[in-house]
Amino acid sequence: MDQGGLDAAAHDQALQGLRRINAVSGAVGSLFTPIQALAVALNRSRPLRVLDVACGGGDNTIALAERCRKQGLAVVIDGCDRSPQAVAIASRHGAGGIMAGTFFQADVLVDPLPADYDVMVCSLFLHHLDDADAVELLRRLGRSCRHLVLVNDLIRSPLGYGLAWVGCRLLSRSAIVHFDGPVSVQGAFRMDEALDLAARAGLGGATIQRSWPERYLLSWHRPVGWVAAP
């Protein structure tokens with residue numbers, strides 16, 4: 001999925017498989033809970049603004065928007081990805097639905113991130129990065145968000161590898177997904193490593209919790225008066 005020039009049909013098939021995997025994993029539930037808590041705590045008239053970075057086909061973005069709508073939460077969720085094909089697919093899936101937000105193209109490691117989002121969400125992308133780029137991404141998210149950074153990702157473990165191997169074959173016929181799933185777990189961080197990356201990115205006080213199936217949610221609340229390190 002990371003390689004350039006991927007055949008459009010193969011890319012679409014892979015994203016369809018990931019859509020099913022994301023639905024089964026329940027990642028949206030772990031992201032929704034802290035977003036709901038923040039919206040209640042802020043208790044303001046305007047909607048909470050959320051950006052889902054490296055959103056791929058937009059499955060989690062759209063599902064999160066639907067979850068917020070069903071719960072009566074005033075939230076607008078946008079998504080961005082560096083792949084124009086992924087953005088086109090996400091926009092197609094989001095068109096005509098309940099999602100009020102939009103999808104746009106941006107490379108989160110190169111392009112400036114907007115500074116008018118309350119929450120920055122990153123789901124299943126951190127494991128694609130080496131340590132230096134992971135720290136840079138977390139630093140960028142912390143600098144750009146107004147209130148909260150949420151990172152949902154895989155845990156590197158034998159159990160995670162086994163679940164990925166079986167789950168990808170049960171839920172997708174894409175050879176890309178069959179290969180990428182287990183390899184993604186091999187490239188993922190352990191929970192202690194993810195916390196260390198956050199600390200190196202200047203996100204002191206970040207917390208992390210395990211979620212099913214063998215994933216974690218890293219959360220960081222921007223302290224009042226916090227200034228990013230140069």
For Asn60 versus Ser123, what's the shortest heavy-atom pair and its separation? ND2-OG, 3.1 Å

Distance check, rounded to the nearest 0.5 Å: Glu193 atom CD versus Arg200 atom CZ? 10.0 Å

Reported CD-to-CD distance for the pair Glu66 and Gln71, which is rounded to 0.5 angstrom: 10.5 Å

Compare all side-chain heavy atoms of Val110 with those of Arg82 and state whether any distance is below 4.5 angstrom. no

Provide the full list of salt bridge (charged side-chain N to carboxylate O under 4.0 Å, His left out) pairs with a residue in residues 30-48, sequence neighbours left out, each pair given once. Arg44-Asp118, Arg46-Asp118

Rounding to 0.5 Å, atoms CG (Asp52) and SG (Cys122) come to a distance of 8.0 Å

Within-4.5 Å side-chain heavy-atom neighbours: Ser219 and Leu217: yes

Can you tell if the side chain of Thr207 reaches within under 4.5 Å of the side chain of His221, non-hydrogen atoms only? no

Please round to the nearest 0.5 Å and tell me the distance separating atom CD of Gln85 and atom CD of Gln105. 11.5 Å

Side-chain heavy-atom pair Arg140, Val108 within 4.5 angstrom cut-off: no

Of Val28, Val75, Asp59, the one forming a side chain to side chain contact (heavy atoms under 4.5 Å, CB included) with Leu64 is Val28

Applying side-chain hydrogen bond (donor to acceptor under 3.5 Å, both in side chains) to Gln36 and not counting sequence neighbours gives none

Would you indicate whether the side-chain heavy atoms of Arg146 and Asp116 approach each other to under 4.5 Å? yes

Answer whether the closest heavy-atom distance between the side chains of Tyr117 and Val53 falls below 4.5 Å. no

I want to check something: taking the side chain as every heavy atom from C-beta on, are Asp81 and Phe125 in contact at a cut-off of under 4.5 Å? no

Heavy-atom check, side chain of Leu129 versus side chain of Glu136, under 4.5 Å: no

Once rounded to the nearest 0.5 Å, what's the spacing between atom CD1 of Ile62 and atom CZ of Phe103? 4.5 Å

Leu137, Phe104: one ILVMFWY side-chain cluster at the under-4.5 Å cut-off? yes

Could you go step by step and tell me if Leu218 and Leu197 meet the side-chain contact (heavy atoms from CB on, under 4.5 Å) rule? CA-CA 11 Å; Leu218 185 144; Leu197 293 173; over 6 Å; no

Quick check on the hydrophobic clustering: are Leu73 and Val119 connected, directly or via other members, by side-chain heavy-atom contacts under 4.5 Å? yes

Atom pair CG/CE of Leu138 and Met120 - distance to nearest 0.5 Å: 12.5 Å

Quick check: closest heavy atoms across Glu214 and Ser157, and the distance to 0.1 Å? OE2-OG, 2.7 Å

